[in-house]
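Counting from 1, the numbers follow the sequence of the chain as shown.
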Amino acid sequence: MSLSMTGSGEIATPVESSKSAMTWGPIFGGAAAAIGVTLILLLLGSGVGLTMVSPWSGQSSSLGTVGVTAAIWLVVVQWLSSGLGGYITGRLRTKWAAVHTDEVFFRDTAHGFISWALATIFVAGFLASSLTSLAGAGAQAVGSAATAAGTAASSTASAADLPTAYFTDALLRPEQARAGATSDDTAATAEVSRILLNGAAAGQIPDDDKAYLATIVSARTGLSEADARTRVDTVLKRIDDAKVAAQKAADEARKAASTTALLGALSLLIGAFIAAAAAAFGGSQRDEEEDLLVTPRI
């Protein structure tokens with residue numbers, strides 16, 4: 001506290017209020033209202049979003065459309081819930097006496113912002129808890145699938161042994177591949193699988209492997225060498241098309257996730273601004289009219 005002296009020698013002491021500028025009651029009230037509206041709107045958005053997704057081919061919206069729609073809905077949720085919570089915070093606060101107008105405006109906006117922050121933290125914790133529960137259920141399902149897959153994996157080569165098996169096959173390929181493919185169907189099928197897997201890992205299948213595949217196909221199906229080579233090229237093209245489709249789907253998912261994250265951050269910024277502005281608006285409406293206490297003269 002600083003003291004100053006007037007020209008007449010009197011000491012002037014600044015007037016300070018004994019009450020805090022922070023009023024938690026309206027803050028918690030506005031936060032509770034914002035949380036309730038947010039949960040209602042999120043459930044409504046989830047219901048609408050589920051109508052956009054279908055397990056049937058051609059009847060579901062694209063991943064990008066679903067992601068953008070969800071992000072836009074988050075902006076709407078923040079707009080409505082933050083506006084209502086901030087307005088309630090501003091209207092419920094008790095009027096400050098002998099406080100400058102600019103200070104009143106600042107305190108109202110600060111109350112609205114803090115109310116929004118509390119509501120956002122609660123909703124984020126609620127969503128994180130829900131996602132954790134879903135992740136736990138998914139982990140149990142994955143564990144069960146892994147147990148079942150472990151039994152089947154005992155009869156197949158591991159992924160680490162695939163390159164060695166592929167190069168071993170290349171070293172031991174017989175000169176007369178047609179006779180070997182005809183006499184041992186199981187070995188021929190396993191070798192073809194290893195060639196295809198190695199090609200998928202390397203990104204392409206060498207020409208000598210293609211010629212070897214054509215020889216095995218010709219021996220197993222009775223096709224001519226030319227027709228067998230055409231069939232091999234057709235199957236390899238289908239594999240490449242499937243890889244391109246998978247990469248395209250992954251890229252669309254990446255773009256949708258990026259757009260959702262950016263719009264989600266934008267929605268939070270909008271919510272903070274709307275909450276502060278609504279609290280200031282509610283506070284101005286609260287202070288428009290004054291109740292005057294009239295005391296009679298003695």
Side-chain angles (χ1 to χ4, degrees), residues 42-43 45-78 123-124 126-153 156-167 189-207 209-210 213 231-270:
L42 286 178
L43 290 176
S46 299
V48 175
L50 290 175
T51 62
M52 302 175 62
V53 180
S54 173
W56 305 106
S57 177
Q59 297 184 11
S60 179
S61 300
S62 65
L63 185 61
T65 301
V66 173
V68 172
T69 303
I72 294 175
W73 183 246
L74 287 178
V75 175
V76 175
V77 170
Q78 279 288 312
V123 173
F126 174 78
L127 294 178
S129 177
S130 300
L131 292 177
T132 301
S133 300
L134 292 176
Q140 292 180 354
V142 171
S144 300
T147 303
T151 304
T156 59
S158 64
D161 295 334
L162 176 60
T164 303
Y166 166 76
F167 290 115
T189 302
E191 186 175 5
V192 169
S193 298
R194 288 191 289 270
I195 292 174
L196 293 178
L197 289 175
N198 182 77
Q204 62 179 357
I205 296 180
D207 292 337
D209 285 346
K210 292 181 180 179
L213 289 175
R231 177 176 292 186
V232 169
D233 292 338
T234 301
V235 173
L236 294 181
K237 184 178 183 304
R238 291 171 60 184
I239 295 176
D240 290 338
D241 292 341
K243 289 172 57 179
V244 171
Q247 292 173 348
K248 183 178 179 181
D251 187 59
E252 290 181 354
R254 176 189 61 82
K255 292 180 179 178
S258 176
T259 302
T260 302
L262 293 176
L263 287 180
L266 178 62
S267 70
L268 292 178
L269 292 176
I270 291 176

S.K.: With sequence neighbours left out, write down each residue that passes side-chain hydrogen bond (donor to acceptor under 3.5 Å, both in side chains) with D251, or none if nothing qualifies.
M.R.: R254, K255
S.K.: So, do L268 and L74 sit near enough that their side-chain heavy atoms are less than 4.5 Å apart?
M.R.: no
S.K.: Can you list the steps and then say if I205 with V232 is a side-chain contact (heavy atoms from CB on, under 4.5 Å)?
M.R.: CA-CA 11 Å; I205 296 180; V232 169; over 6 Å; no
S.K.: If you measure from CG on L266 to CD on Q78, what distance do you get to the nearest 0.5 Å?
M.R.: 10.0 Å
S.K.: Using a strict threshold of under 4.0 Å (side-chain N to carboxylate O), is an ion pair present between K237 and D233?
M.R.: no
